[in-house]
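Below: the structure, in C-alpha cells.
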Amino acid sequence: MSAALTLVIGSKNYSSWSLRAWLLLRQFGVPFTEIKLPLDTPEFYARIGQYTPAGRVPVLHDGDIRVWDSLAIAEYVNERFLDGRGWPAARAARAEARSISAEMHAGFVALREALPLNCRRRAPHAPLADAATRDVARVRTIWREARRRFGEGGPFLFGGFGIADAMYAPVVLRFASYDVAVGEGERAYMDAILALAPLREWLAEAATEPVAALHEPATP
Ligand SMILES: N[C@@H](CCC(=O)N[C@@H](CS)C(=O)NCC(=O)O)C(=O)O
C-alpha cells in the first residue's frame with residue numbers, strides 16, 4: 001500500500017463531496033494521510049491551488065499522480081487498491097451501482113441546495129419546493145430498489161459496502177439532520193450507514209469544528 005497516499009478534504013461538518021472519497025478509503029481500510037482545509041475561508045483559497053488545478057476538494061495524491069473529483073477518485077481507488085471490490089461483482093448490480101452513483105454525482109441539485117450538509121444540525125426542514133421534493137422521492141426509490149433487487153447479502157445498497165454507499169452517505173446525513181420522512185426499509189439502510197465506525201469518527205470531528213457563518217447564518 002502506498003505510504004504516499006494523501007487525501008485533501010474540506011471541513012468535515014460541511015464538505016459532502018470530501019466525505020464520499022474519505023469514507024470509501026477508510027471503510028476499505030486503505031491507509032492515507034489526510035489534509036483538511038477549512039471550506040470557504042481565505043485559508044482554503046490560499047492553499048487549495050497547491051493541491052489541485054480544479055480548486056475543489058476532495059483531491060487524492062498518489063505519489064506524483066493527482067486525482068480530483070469524487071467519482072474519479074472512487075474509480076481510481078477501486079482500480080488501484082480494491083481490485084474491483086468497490087463495485088458489486090455481478091454485472092447487472094454493477095451497472096445499477098454505477099448508474100445511481102453517476103446520477104448522484106451529476107444531479108440532485110435542488111436537494112443539495114434545500115438541505116445543505118451540516119452534520120451537527122438536528123432540526124426538521126422547512127417545507128420543500130417541488131424540485132427538492134422530487135429529488136427526495138427519487139433518492140428514496142433508488143435506495144428501495146437497490147436494496148430490493150441487489151441488497152440481500154448485507155445491509156447496504158448492494159449488500160456489502162461499496163462506492164454507491166459512499167456516494168449516498170452524505171444524503172443519509174442530510175436526511176438524518178433535517179428529519180426527512182422515510183419508510184422502514186430506507187431507515188434501516190440509513191441506520192447501517194450511520195453505524196459505520198469511520199462515519200462516527202467523521203461526525204465526532206465535525207462536531208468540534210468552528211461554525212462557518214456562510215453555511216450557518218445566524219437567525220435574525
Ligand atoms: N464534482 C466535485 C465537486 C467538488 C466540490 O464542489 N467540492 C466543494 C466542497 S464539498 C468545494 O471544494 N468547494 C469549494 C469551492 O467551490 O470554492 C466532486 O465530485 O468532487
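Whatever order the structure lists them in is the order used to number ligands and atoms, beginning at 1.
- Of the charged side-chain nitrogens involved, at least one lies within less than 4.0 Å of a carboxylate oxygen, so that Glu103 and Arg138 count as a salt-bridged pair.
- Salt-bridge check for Arg98 with Glu75: passed, with a basic side-chain N closer than 4.0 Å to an acidic carboxylate O.
- With respect to the salt-bridge test (charged N to carboxylate O, under 4.0 angstrom), the residues Glu186 and Arg147 do not qualify.
- Ion pair Glu209/Lys36 flagged as a salt bridge, since at least one NZ, NE, NH1 or NH2 atom sits closer than 4.0 Å to an Asp/Glu carboxylate oxygen.
- Around ligand 1 you find Ser15, Ser16, Trp17, Leu39, Phe44, Tyr45, Arg56, Val57, Pro58, Asp69, Ser70, His105, each with a heavy-atom distance below 4.0 Å.
- Glu34 places no side-chain N or O within 3.5 Å of a backbone atom of Leu7 that could act as its donor or acceptor partner.
- Taking all atoms of both residues into account, the shortest heavy-atom contact from Ser15 to Leu117 is C-CD2, 3.9 Å.
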